[in-house]
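Right, one structure below, let's go through it.
Along the sequence shown, residues carry numbers from 1.
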Amino acid sequence: MGILNVTPDSFSDGGQLADPAAVLDRAAAMLEAGADVLDIGGESTRPGAAAVTEAEEATRVLPAIRAVRDRWPEAPISIDTFKPRIAEAAIGAGADIINDVWGLTYGLDAATRSHAINELAMSRAQPGTKPSLPTSPMAAVAARLGCPVILMHNRPDREYRDFWFDLLDDLRLSLGLARQAGIEDRQVWLDPGFGFAKSPGQNLEVIKHLDRIVKLGFPVLVGTSRKSTLGKVLGTTADDRLEGTAATCVWAIAQGCRMIRVHDVAPMVRYALMADAIKAGVEWSEG
């Protein structure tokens with residue numbers, strides 16, 4: 001998945017894609033390098049980034065989506081947004097996938113989240129019991145449109161009682177909201193949320209034991225590209241984290257990751273191909 005940020009303030013590539021022509025040039029390079037999906041986003045999710053209105057986000061992403069769709073009718077496009085109306089407009093403009101950094105939970109307060117997680121736990125303990133869950137506007141949009149959705153782990157705070165227990169419960173909440181809305185399991189991907197509501201150590205932990213998320217039974221997307229945890233480990237700036245991105249991607253693939261979301265498509269394709277070949281072992285075949 002190649003990252004196309006049509007934002008002025010993203011942490012590593014803000015302002016680089018200021019018009020559809022620049023988007024098309026970058027998209028062409030990514031597709032030529034081997035990108036399978038183009039992820040278009042119009043609001044930075046870096047810490048401290050300014051909030052963007054729906055109108056501004058639409059102005060940024062819809063022309064970019066239309067331009068890419070017109071040039072490459074078959075290229076899969078995802079819209080990186082947590083706003084239901086932007087997601088719906090983006091799918092209407094030609095996008096195929098909703099990539100939601102809040103995993104369908106945006107706007108739920110702590111009490112509502114806690115109640116819903118408890119309801120899901122009770123339903124697992126008592127099969128056949130239907131949990132009482134809040135309505136997710138984004139889930140309703142994805143279900144109505146019948147499109148794939150990527151559910152990223154995120155939460156309003158870092159107050160974990162038990163990191164893995166809570167993280168998996170958070171993901172089960174996203175899955176519960178998806179199923180309640182009528183989204184089919186075959187349309188769902190999970191993302192561990194590297195860089196979101198986690199300390200650097202916790203970010204590394206989700207990559208180290210990504211297999212725990214893979215075991216939930218859904219394909220997993222990982223996005224570590226150029227993020228600050230890599231800079232803390234390597235002591236480098238955002239534009240000098242290629243090796244860190246590669247190391248985390250290769251480790252994630254070894255743990256069962258099915259897609260990597262990256263800025264530097266050309267070199268990451270090679271790392272991914274090599275990681276896949278090693279994972280295949282004696283079953284690998286040329287071509």
Worksheet entry | Atom CG of D36: over 12 foreign heavy atoms under 6.0 Å |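 Incorrect, the count does not exceed 12.
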Worksheet item: Counting only heavy atoms not in R270, do more than 12 sit closer than 6.0 Å to its CZ atom?
Response: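 It does not: R270 CZ has 12 such atoms or fewer within range.
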Is the shortest side-chain heavy-atom distance between [X] and [Y] below 4.5 Å?
X	Y	result
Q202	Y160	yes
M138	P84	yes
T248	V222	no
V206	F163	yes

Item to complete: Hey, could you give me each pair passing salt bridge (Lys or Arg N to Asp or Glu O under 4.0 Å) that has a residue in residues 132-145? Not counting sequence neighbours.
Response: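 Residue pairs passing salt bridge (Lys or Arg N to Asp or Glu O under 4.0 Å), neighbours aside: E88-R144.
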Practice prompt. If a pair satisfies salt bridge (Lys or Arg N to Asp or Glu O under 4.0 Å) and one of its residues is in residues 172-183, list it, with sequence neighbours excluded.
Written response: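 Every pair satisfying salt bridge (Lys or Arg N to Asp or Glu O under 4.0 Å) with a residue in residues 172-183: D169-R172, R179-D185.
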Quick check: does any side chain N or O of [X] sit under 3.5 Å from a backbone N or O of [Y], one acting as donor and the other as acceptor?
X	Y	value
T245	R241	yes
K227	F194	yes
R60	A64	no
R69	A75	yes
Q187	G146	yes
T229	N203	no
K279	A277	no

Please round to the nearest 0.5 Å and tell me the distance separating atom [atom1] of [X] and atom [atom2] of [Y].
X	Y	atom1	atom2	value
I3	R226	CD1	CZ	8.0 Å
H153	L168	NE2	CG	8.5 Å
W251	I207	CH2	CD1	10.5 Å
L177	L133	CG	CG	6.0 Å
L104	L173	CG	CG	8.5 Å
N154	D100	CG	CG	9.0 Å

Item to complete: Answer with yes or no whether the side chains of T7 and N5 bring together a donor and an acceptor at under 3.5 Å.
Response: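 No donor-acceptor contact under 3.5 Å links the two side chains.
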Practice prompt. State whether a side-chain donor-acceptor pair under 3.5 Å links T112 with D109.
Written response: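 Checked: T112/D109 side chains pair up, N/O donor to acceptor below 3.5 Å.
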Write down the atom of [X], the atom of [Y], and the distance for their closest heavy-atom approach.
X	Y	result
C257	I260	SG-CG2, 4.0 Å
A93	L62	CB-CD2, 4.1 Å
A35	G2	CB-N, 4.3 Å
L242	P267	CD1-CG, 3.8 Å
L120	P131	CD2-CG, 3.9 Å
A27	L38	CB-CD1, 3.8 Å

According to a hydrophobic-cluster definition based on side-chain heavy atoms being under 4.5 Å apart (Ile, Leu, Val, Met, Phe, Trp, Tyr only), do [X] and [Y] belong together?
X	Y	result
V6	I77	yes
V250	L210	yes
I40	W102	no
L175	L167	yes
V149	L145	yes

Discussion item. Suppose we screen for side chain to side chain contact (heavy atoms under 4.5 Å, CB included). Which residues come up paired with A246, at least two apart in sequence or across chains?
Written reply: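 Testing A246 for side chain to side chain contact (heavy atoms under 4.5 Å, CB included), a comparison that skips the adjacent residues, returns M268, Y271.
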Discussion item. Suppose we screen for side chain to side chain contact (heavy atoms under 4.5 Å, CB included). Which residues come up paired with S174, at least two apart in sequence or across chains?
Written reply: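 S174: side chain to side chain contact (heavy atoms under 4.5 Å, CB included) contacts with T105, L151.
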Worksheet item: Excluding sequence neighbours, so at least two apart, what forms salt bridge (Lys or Arg N to Asp or Glu O under 4.0 Å) with D191?
Response: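 Checked D191 against salt bridge (Lys or Arg N to Asp or Glu O under 4.0 Å); zero matches.
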Worksheet item: What pairs with D166 under salt bridge (Lys or Arg N to Asp or Glu O under 4.0 Å), at least two apart in sequence or on another chain?
Response: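 For D166 the salt bridge (Lys or Arg N to Asp or Glu O under 4.0 Å) partners, ignoring immediate neighbours, are R161.
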Discussion item. Under the criterion side-chain contact (heavy atoms from CB on, under 4.5 Å), I'd like the reasoning laid out for V233 against L204: C-alpha separation, chi angles, the key distance, then a yes or no.
Written reply: CA-CA 10 Å; V233 173; L204 297 171; 4.3 Å; yes
Worksheet entry | Side-chain cluster (under 4.5 Å, hydrophobic types only) that W189 belongs to, other residues |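 Members besides W189, by chain and number: M1, V37, I97, I150, L221, M259.
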Worksheet item: When clusters are formed from ILVMFWY side-chain contacts under 4.5 Å, directly or step by step, what else is grouped with I278?
Response: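 Its cluster partners, ordered by chain and number, are M274.
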Item to complete: Applying side-chain contact (heavy atoms from CB on, under 4.5 Å), run through C249 and T224 and close with a yes or a no.
Response: CA-CA 7 Å; C249 287; T224 61; 4.0 Å; yes
Item to complete: List in chain and number order the residues that pass side chain to side chain donor-acceptor pair (under 3.5 Å) with R66, two or more places apart in sequence or in another chain; answer none if no residue qualifies.
Response: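 Scan of R66 (side chain to side chain donor-acceptor pair (under 3.5 Å), adjacent residues dropped) gives none.
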Worksheet item: Of all residues at least two apart in sequence or in a different chain, which pass the side chain to side chain donor-acceptor pair (under 3.5 Å) check with S123?
Response: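 Partners of S123 by the side chain to side chain donor-acceptor pair (under 3.5 Å) criterion come out as none, since no residue qualifies.
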Item to complete: Please step through side-chain contact (heavy atoms from CB on, under 4.5 Å) for the pair M30 and L4, ending with a clear verdict.
Response: CA-CA 9 Å; M30 288 182 168; L4 290 171; 4.0 Å; yes
Worksheet entry | Residue pairs fulfilling side chain to side chain donor-acceptor pair (under 3.5 Å) with at least one residue in residues 72-87, sequence neighbours excluded |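 For residues 72-87: D39-S78, E43-K83, E54-R85, E57-T81, E57-K83, D80-R261.
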Worksheet entry | Residue pairs passing the side chain to side chain donor-acceptor pair (under 3.5 Å) test where at least one lies in residues 207-219, sequence neighbours excluded |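 Those involving residues 207-219 do not exist here.
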Item to complete: Output, in order, the C-alpha distance, side-chain angles, deciding distance and verdict of side-chain contact (heavy atoms from CB on, under 4.5 Å) for R258 and V214.
Response: CA-CA 9 Å; R258 297 285 297 278; V214 171; over 6 Å; no
